[in-house]
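Scroll down for the structure; my scribbles are underneath it.
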Amino acid sequence: MKENLFGEIKENLIEMEEEKVVELCERSLELGIPAMETINKGLIAGMDEVSKLYEEEEYFLPEVLMCSDAMNSGLDIVKPHLDHNDMEDPIKVVIGVIEGDTHDIGKNLVKILMEASGMKVYDLGRDVALDDFVNKAEEVNTDLIVMSTLMSTTMDGMGKVIEKLSEKGIRDNFKVFIGGGPISQFYADKIGADIYTNDASEAVREAKKVMGRVS
Amino acid sequence: MKFREDILTPKERLGAFLSGQELDRMLCMPIVTSNAALMINKSVKEFQLDPEVMANSYIAAYERFGYDLNYLFTNCSYIAEAMGQELVYSENEPANTEVHIIQSEDDLSKIKVAKRHDGNFSVFYDALDILNEKTGGKIFNSVCFSGPVSTAATLRGTESFARDSYSNPDLCHKLLRMSTDSIKNFIEAVVEKGAIPIILEPIASGSIFSPKMYDKFAAPYINELIDYAHELGAAIPLHICGKTNKIIGRMADSGTEIVSFDLCDLDIAKEQAQGKAVLLGNVSPSDELLFGPDERIINACKETIDKMSDYKPGFILATGCEISTKVPLENVDVMMKAVRTHGLYDYEK
């Protein structure tokens with residue numbers, strides 16, 4: 001019964017049926033199913049599948065956005081009923097688009113998929129001052145710093161953030177992820193970033209891997 | 001292989017290519033745009049707003065590189081600007097959009113179909129007049145502009161446009177219709193100035209939309225523009241940045257003479273476009289060309305030239321996308337040197 005419901009939530013989420021997802025989440029509460037289970041086995045499981053479909057180039061930006069809207073509406077229903085004792089410490093992520101660049105679609109996709117897999121994401125937005133990455137990372141004691149840019153004119157900023165971390169002696173406290181149109185493994189090696197990924201799904205997978213949370 | 005200076009002028013070379021005659025070397029069209037302003041010590045902002053600065057930048061670039069086409073281009077949003085979208089101009093970056101004018105369907109009344117002198121369109125016309133007079137005998141000019149999808153997404157915001165594609169497709173089509181009509185008015189004026197119109201569709205890229213969405217929202221309008229240019233007697237290349245593995249066949253089927261591509265496997269491009277369209281691409285302006293060193297640039301060019309040498313109806317060496325102001329101009333010299341060494345054909349004048 002429970003498993004069927006989770007399956008239906010997952011399926012409707014993948015099919016972008018926001019209203020159905022909301023309805024099913026409401027039903028899960030009526031049935032007394034713990035919110036945590038509905039989130040993990042229904043909503044997050046659905047977004048995992050969406051993430052896969054995105055990586056396989058079956059789903060693209062519009063589909064991911066629509067699915068994430070459905071997930072968030074479902075979360076709104078069940079989240080107030082979460083028992084906080086159940087919760088594992090989430091992976092913490094500070095994310096933003098480098099100073100000088102306002103292209104944030106890629107960053108938003110990474111954010112959506114990271115949140116959808118249960119990570120706590122601190123989104124600094126776009127055109128983010130380099131010091132803000134460093135300060136926020138220290139302030140929230142983040143696990144990952146994720147930087148994105150679409151423009152080769154602004155990519156130098158990523159290297160500078162890493163230099164700033166080194167100058168403060170805190171480089172090794174964080175894993176630094178970079179991505180975006182002009183970014184490559186070549187560039188990641190050049191500036192000493194920990195991880196470069198080609199797309200948002202891979203970023204989530206690598207994040208779980210470096211944090212030892214591979215399921 | 002040995003380096004050889006050019007024998008034909010860029011205009012003679014492209015003319016010969018288009019009419020199926022022999023060339024001295026492979027055509028080479030690195031996408032030099034506002035970075036050319038740096039060569040005459042002007043800002044990107046001046047380049048976007050002052051036709052004389054624009055024209056002089058391209059003259060300097062042509063004289064230095066001897067490449068085969070001037071790509072007149074300022075930013076991805078100028079069609080939207082002419083329709084009513086406000087842009088933010090900064091000193092050394094292309095203008096961009098901060099607040100999208102279409103926040104809801106009600107805002108449709110705030111935009112209009114652009115006429116030929118709206119927005120900053122005239123900068124291009126005036127620059128073309130200067131270029132035609134000064135270098136028109138030696139090199140062709142082209143004008144690049146955002147296509148219907150990229151223009152509609154600029155007006156609406158890309159993420160909102162993406163959601164609308166499911167939740168309000170009707171709004172998408174209204175914006176696409178107005179964008180297409182605006183672009184037609186611009187194309188007509190550009191063609192009158194003797195320039196080649198080039199459609200850019202970064203937002204229709206396979207990095208953002210599915211092939212299914214391409215069929216539904218991009219192809220009908222893009223193909224309409226191509227037909228329109230043909231009615232005016234003009235060739236009209238189609239450029240899509242980002243990933244195009246899954247849509248390059250559709251690009252080739254659009255009726256365009258030249259498919260200009262960025263991230264696409266060369267074998268797939270060859271197979272899908274064979275016999276339909278000339279291919280133009282795709283040395284990376286953010287990797288090899290940005291970082292060098294010379295040997296790496298030359299190798300990238302040589303590999304592309306070798307791989308595409310048997311492609312019919314023909315291949316043009318270019319960058320996959322616009323060359324940013326961060327790319328050392330010396331690296332563009334190296335690219336041109338590569339084609340003058342590894343892209344030579346037997347030729348007697």
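Below, chains carry the letters A, B, ... as their sequence lines are ordered, and counting in each starts from 1.
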- Message: Heavy-atom count check: over 12 atoms from other residues, nucleotides or ligands less than 6.0 Å from B:Lys302 NZ?
- Response: no
- Among all residues two or more places apart in sequence or in another chain, which pass the side-chain contact (heavy atoms from CB on, under 4.5 Å) test with B:Gln272? B:Ile248, B:Ile268
- Message: If you count every heavy atom of other residues, nucleotides or ligands that lies below 6.0 Å from A:Glu55 atom CD, does the total exceed 12?
- Response: yes
- Query: chain A heavy atoms under 4.5 Å from B:Lys243: which part of the residue, side chain, backbone, both or neither?
  - Reply: side chain
- Given that the side chain runs from C-beta out, which part of B:Ser165 has a heavy atom under 4.5 Å from chain A: side chain, backbone, both or neither? side chain
- Over 12 non-hydrogen atoms of neighbours within 6.0 angstrom of CD in A:Glu56: yes
- Query: Is it the side chain or the backbone of B:Glu93 that comes within 4.5 Å of chain A heavy atoms, both, or neither?
  - Reply: side chain
- Query: Looking at B:Lys212, B:Glu322, B:Lys246, which one has more heavy-atom pairs under 4.5 Å with chain A than the rest?
  - Reply: B:Lys246
- Item | Considering all heavy atoms, the nearest B:Arg163-A:Leu65 contact | NH2-CD2, 3.8 Å
- Query: Are side-chain heavy atoms of B:Met213 and A:Phe60 found at a separation under 4.5 Å?
  - Reply: no
- Query: Where does A:Asp69 contact chain B at under 4.5 Å (heavy atoms): side chain, backbone, both or neither?
  - Reply: side chain
- Message: What verdict does the side-chain contact (heavy atoms from CB on, under 4.5 Å) test give for A:His103 and B:Asn96, after you've listed the backbone C-alpha separation in whole Å, the side-chain angles of each residue and the deciding distance to 0.1 Å?
- Response: CA-CA 10 Å; A:His103 298 90; B:Asn96 68 319; over 6 Å; no
- Query: Looking only at heavy atoms, what is the nearest atom pair of B:Ser207 and A:Tyr54, with distance?
  - Reply: O-OH, 4.5 Å
- Message: For the CD atom on B:Glu86, are there more than 12 heavy atoms of other groups (residues, nucleotides or ligands in this structure) within a distance under 6.0 Å?
- Response: no
- How are the rings of A:Phe186 and B:Phe291 set to each other: parallel, tilted or perpendicular (split at 30° and 60°)? tilted
- Check each atom of B:Ile208 against the heavy atoms of chain A and say whether the ones under 4.5 Å are side chain, backbone, both or neither. both
- Among residues 148-159 of chain A, those lying within the under-4.5 Å heavy-atom range of chain B are A:Met151, A:Ser152, A:Thr153, A:Met155, A:Asp156
- Query: Rounded to the nearest 0.5 Å, how far does CG of A:Leu61 lie from CD1 of B:Ile203?
  - Reply: 9.0 Å
